[in-house]
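These notes concern the structure reproduced below.
Residue numbers start from 1 in every chain, and the chains themselves are labelled A, B, ... in the order their sequence lines are given, proteins ahead of strands. Values reported hereafter were calculated over all heavy atoms of this structure, with side chains retained and with hydrogens, waters and symmetry mates removed. These figures come from a predicted structure and were not determined experimentally.
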Amino acid sequence: MAIVRIKINGVMQQHDVEDRTLLIHYIRENSRLTGAHIGCDTSNCGACTVLLNGSAVKSCTVLAVQVQDEEVTTVEGLSGDFNGLSPVQEGFRQQHGLQCGYCTPGMVMASTALLRENPKPTEDDIRHALEGNICRCTGYEMIVNSVRWAAENGGGK
Amino acid sequence: MIPALFTHVPVTTIKEASDALNHYGDDAKLLAGGHSLIPLMKLRLATPGYLIDIARINDLRGIREDKDKLVVGALTTHEQIENSPLIRKYAPIIGAAAKLVGDPQVRNRGTIGGSVAHGDAASDLSVALFGANASFVATGPNGKRVISAVDFFLGFWTTALNQDDVLTEIHIPYAPSTNWSYQKFTIRSQDWAVVSVAVSGSNIILGAMGEIPLRAEKCEQAIASGADFEQAASFADEGTSPSSDIRASADYRRHLAKVLVFDALTEAKKRS
Amino acid sequence: MSLVGAKVLRKEDPALLTGHGKFVDDFSPPNSCFGQFVMSDQAHAKIISIDVSEALKMPGVLGVWTAADFISFPNLPGGMPDFERPVLAHDRVRWAGEPIAIVVAENRYQAADAVPTVIVEYETLDAVSSVAQATAPGAPLLFDAHRSNVLTKVPMLDDLEKHFVKSFSRASLRIVNQRCAVVPIETVGCLADWTLDGLTIWATTQAPHHLRNKLASWLDTPQNLCRVVAPDVGGGFGAKIVWYPEFFVAPLLSKWLRRPVKFMQTRSESMVQMTHGRDQVHDIEVGFEKNGKINALRMVISQNLGAYGDPTGLGLATLTGWMAAGCYKIAHVSTGFRTVVTNTTPVAAYRGAGRPEATFSIERIIDLVALKTNVDPVKVRQINFIQPNEFPYETHNEAVIYDSGDFPQALDECLRLLDYDAVKAEQAKNLADKNAPLIGIGFSCWLEIAGFGPNGSLEGFGHLASWESAQIRIAPDGSATIFIGSSPHGQGHETFVAQIASDELGIPFERISVIHGDTATVIQGVGTMGSRGVPTVGSAVKVASERLMVRAKKIAAHLLEAAEQDIEVKDNAFNVRGTPGKKVSWSDVGLTSFQPLRLPPELQAGTLEERLFHESPNFSYPSGAYACVVEVNRKTGKVKIQKMIVVDDCGTVINPLLAEGQVHGGVAQGIAQALYEQVCYDPSTGQPITANLIDYLIPSAPDLPNYIAGRITTLCPNNPLGAKGIGESGAVGSPPAVVNAVVNALSSFGVEHIDMPVTPEKVWHAMNGRK
């Protein structure tokens, strides 16, 4: 067991967990933030994507003990000027970039990370930035449009 | 899927890491980014009792120039390599290969050391590093050893690293910014290499054509003796032993090796 | 302004975008514990013994249960006699992944630790994973009592040989429609909490009432004490219509342990436990004239059912046979089928369920006829089309009467978007240039059966009925809450239902809430499947709204002292036609509806509530014309989609955004089947070899194209909206367009057919004249 402190969405969390606890379970079960989801066992689907110190990572492939005292942002931690939604979140709403919504938090976080590094991505940039995230509902085009909308509406700031 | 129980052993110096490996023996594994190891542990294909976490050994980070070579710390992430001006200048093939590893999330977290130490014959970085005549610095209880790429990859998921070795640095001799190519054939955009080829100078290295990255000796000899690219590429599968799996049969891999060697030679020439 | 037809943004999105969606695994009531199955690692074996003693000693383990503990409960409902699925395997396992025992522990980590410590001793039996293996002489039997692995067999009534003899020529083809894994990104799971107040189970289901009905009966518990909740559901695509053993055992475990019990499949478990789709083999023969006109078509379908006869899986081959002739007028059609059990994961509905298989075959056959007659594939389609003036069109099966459509117009629109001549010119140019990729053009003119369905249609799959329900309640402030029986998993029901209701009721979209997926609040429901959402529940909402408005106008007329027929509703208020300014707001009417002293005498308090069970007189038949342009790498065989054109006819569109989303998603799954995905088994052992997302190849964003979407509209005459449904269209229509394009690209190699998935290696073999 280990006492693991992680700042999640600006709030310092501290939980006594087994060494093997995956970051996704620390976030979902210990910190009770259920936005990030689990969709596979093999780091393929990206539903668990969160920002770790600002970079997108798959929280199912990170141990909580590995990120002691580091900073995590989940989809619950995003906010912005669109009725409280960030430009990326609003972009997904405007462009119908989600259907069932299960892969969506991971898509939103991966897109947020992309726009921070590359505020004006091409379609190709967007598709490759999201290649670690699987969506089974949308066929991806509307997700691409969502990220483009976000880029045009302040998402890269 | 959940890893089996283990004890996390964080260390902050190479010596501590080496001592810990020595102390826990075969039951210990090094943990860097974890992007090769944690998936195996989740599937319980690996069940180490102790994870020696080296991620906070600062000496293992960063890329620096050293006379005629680049020294890359083993904890350097794929993303850092992909975006490094030094890599771009002195070892562009390594940057090109790093960019094709996994997906952005994996590249943000996975490390060059972890990728190489895993000993996978389809590893983009292993194939490219072999092509670039890289060598690998292992630090063990008796000090440092520098292992050339030829001697480093021994067999399926097996390298020359001893149980108590820490892979600390990768040395990449300055390579020309011309005359190189890294080719990777995948079924999907983001996928394991079905076959990959690194051409760097006179080196032609094949990925996923056997248990380890392989030198395409016949192709190299053919080029050296003046054969054209098509002729040379036709030898690409000689001495290889590719497997058949869900992505491709051995036959198709043999064919792809020829196609990719030709494409790599052509692209490399275009750069020069 | 009418909301029906407008691009209205979804009500569902803000919660889902901020992490406030509530999926089954997001519920963690205090004191809950976690169950996990011990799965068979053998494809076919007798169970000799199960040793749970070590598992019981593992930390956190609350208990281990085997089939013996459920002996007083029946098999899972809905199977065929002799082929029923037990809730846990007892004497025999029939596929690798079949649940054998249950471990419940304090949490999922401890359950995962304990599961491998359950020791199962097997006597391995020979396994069969394909129809060919299962029907070979001397094949091992899955069900000894039945003496055959063939579960049902419906032979062709007439082989039509006399019509083939009379044809100019004939051709035959064996087509394999490969097994696919459904892979919604949320797997299957449930959380059961059985207290003294009764049972509540949150489950990943497309049909909560259907599950409630079966579950209550299985548990021998009255339905009032058995509440099923489908919260947010992370995709279903057909695989969440049926039930899974955890839905049945979790309530009992909760009752026995007096704690909430959760099950949630890992992906690795889900790849072998969630039902698969497709897996049909078709033997087809076609008789045709010199100009490409088809006279006769016969088709024998072999359906691999997997290890047990799943209630939806059993119907797939029937639907395929019904739709065998597609949108073509073929004078003589005959079909037959057999369904066969094998040592594989059970097969059930997957987006399209039987119709993608039919469409793929007829569209491949059309191209084969084009190849054999040297007539352009477009011409062959045009010459064989059912014409727009021929509806309702009676097909070879009396159950199937096509409602409406305009196949020539859809194809014309598709050709216009494609610029066929320009692409053909590019194709010829590339063919001559050895360094350029080969170009192929493929078409798919498709039609499917949807809007399930008329009375009797879903009953055949074990459902209570085939209607769908809607219930509208006006609150005292004039806002509305609508309860619908069809519970969605991404389709956007909350949005389209509010659009339809807003138009009818004149209540603003924002003042309408839509409730679904809870048997405690929704009166009755059937479910979301078979492209039935808009045609059934949409129609129910429209008609219920109309009926409610009669009484609402009565109240308004009473308050305004005007004649009922002069009342019209606009901008959240009731106005008197021809008397500007004379009006009463919806909130006044809503309030009045609860105040007997102000109501007209013939109405009673609470009158503004309406419920309706919409019954459909017929299925609906969405159709369309798709075209695909591919580039084939001559050296590697790798296929790249250059253009994907999709022209749909789903009748009335309620929300173009949602309709387009459905088409995109379906087309993506269709392309995935055409180029990437296949569930594979080791033919010698029956072991699955694509049991995770490393080896089961789902495409991601760079692998799929943009979709050039067009639309024509012919109204469905059988429901008040004129809507046909759109959920499955893309998955039905797209696979043959892609494969036809690849075969077309390879025509210079004499290639006539390639089975899906069209992998680079298969294309390379085809280019080199190898199978």
Side-chain angles (χ1 to χ4, degrees), chain A residues 1-4 17-25 29 38 40-70 106-107 109-114 116-118 121 124-134 140, chain B residues 1-12 28-57 75 77-80 82-83 99-111 114 186-192:
Chain A
M1 299 292 280
I3 294 173
V4 177
V17 297
E18 286 182 341
D19 291 4
R20 61 175 168 164
T21 303
L22 299 168
L23 178 57
I24 183 66
H25 288 131
E29 298 191 356
I38 301 170
C40 74
D41 314 317
T42 46
S43 321
N44 291 88
C45 81
C48 64
T49 300
V50 299
L51 303 187
L52 174 62
N53 308 320
S55 296
V57 301
K58 293 183 170 174
S59 62
C60 75
T61 313
V62 176
L63 301 169
V65 289
Q66 284 182 290
V67 297
Q68 180 76 268
D69 291 322
E70 297 185 30
M107 285 285 180
M109 298 318 286
S111 305
T112 301
L114 165 70
R116 285 184 187 173
E117 287 161 26
N118 180 358
D124 210 40
D125 292 339
I126 297 169
R127 286 186 180 268
H128 281 282
L130 299 177
E131 70 187 353
N133 294 70
I134 295 173
Y140 302 109
Chain B
M1 295 234 124
I2 315 293
L5 281 166
F6 61 83
T7 302
H8 178 244
V9 184
V11 293
T12 51
K29 277 262 185 197
L30 288 183
L31 176 69
H35 272 51
S36 297
L37 183 57
I38 293 172
L40 291 177
M41 291 173 63
K42 285 170 69 181
L43 297 169
R44 301 206 174 188
L45 296 172
T47 52
Y50 297 88
L51 280 190
I52 317 303
D53 187 347
I54 57 173
R56 288 175 203 244
I57 305 179
L75 287 180
T77 63
H78 306 314
E79 187 272 336
Q80 288 161 345
E82 179 188 341
N83 292 314
K99 197 174 176 167
L100 297 175
V101 176
D103 53 53
Q105 292 96 315
V106 169
R107 294 196 290 275
N108 281 336
R109 193 80 195 146
T111 64
T186 54
I187 304 290
R188 297 170 297 180
S189 158
Q190 190 280 104
D191 215 332
W192 293 98

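- Atoms CG and CE, on L22(A) and M41(B) in that order, are 9.0 Å from each other to the nearest 0.5 Å.
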Inset, instruction - For the pair E117(A) and R107(B), evaluate salt bridge (charged side-chain N to carboxylate O under 4.0 Å, His left out) and give the outcome as yes or no after the intermediate values. - result: CA-CA 14 Å; E117(A) 287 161 26; R107(B) 294 196 290 275; over 6 Å; no
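- In this structure, the portions of S43(A) lying under 4.5 Å from any heavy atom of chain B include both its backbone and its side chain.
- Neither the backbone nor the side chain of L37(B) comes within less than 4.5 Å of any heavy atom in chain A.
- Legend: residues meeting ring-ring contact (aromatic ring centres under 6.0 Å, His included) with F6(B), ordered by chain and number and at least two apart, are absent.
- Residues R20(A) and L51(B) have side chains not in contact (no heavy-atom distance under 4.5 Å, counting atoms from C-beta outward).
- Residue contact with chain B, scored on non-hydrogen atoms closer than 4.5 Å, involves the backbone and the side chain of V67(A) alike.
- Put simply, of D53(B), V106(B), L31(B), the one with the most heavy-atom pairs under 4.5 Å next to chain A is L31(B).
- Note that NZ of K42(B) is 4.5 Å distant from OG1 of T61(A), once rounded to the nearest 0.5 Å.
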Inset, instruction - Show your reasoning for whether side-chain contact (heavy atoms from CB on, under 4.5 Å) applies to M1(A) and H8(B). - result: CA-CA 9 Å; M1(A) 299 292 280; H8(B) 178 244; over 6 Å; no
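- Considering only heavy-atom pairs separated by less than 4.5 Å from chain A, the leading option among G33(B), P39(B), G102(B), P3(B) is P3(B).
- If you measure heavy-atom distances from L43(B) to chain A, the contacts under 4.5 Å come from the side chain alone.
- Rounding to the nearest 0.5 Å places CD of E131(A) at 10.0 Å from CG of D191(B).
- Q190(B) and N44(A) share no side-chain donor-acceptor pair at under 3.5 Å.
- Taking each heavy atom of H128(A) and S189(B) in turn, the nearest pair found is CE1-OG, 3.4 Å.
- Once rounded to the nearest 0.5 Å, the distance linking CG of D103(B) with CG of N133(A) reads 7.5 Å.
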Inset, instruction - Test side-chain contact (heavy atoms from CB on, under 4.5 Å) on Q66(A) and R56(B) and set out the steps. - result: CA-CA 9 Å; Q66(A) 284 182 290; R56(B) 288 175 203 244; over 6 Å; no
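- Against chain B, the residues from residues 51-59 of chain A that qualify, each with a non-hydrogen atom under 4.5 angstrom away, are L52(A), S55(A), A56(A), V57(A), K58(A) in number order.
- L63(A) is listed as a side-chain neighbour of I38(B), based on a closest heavy-atom distance under 4.5 Å.
- Distance check, rounded to the nearest 0.5 Å: CD of Q105(B) to CG of L130(A) gives 8.0 Å.
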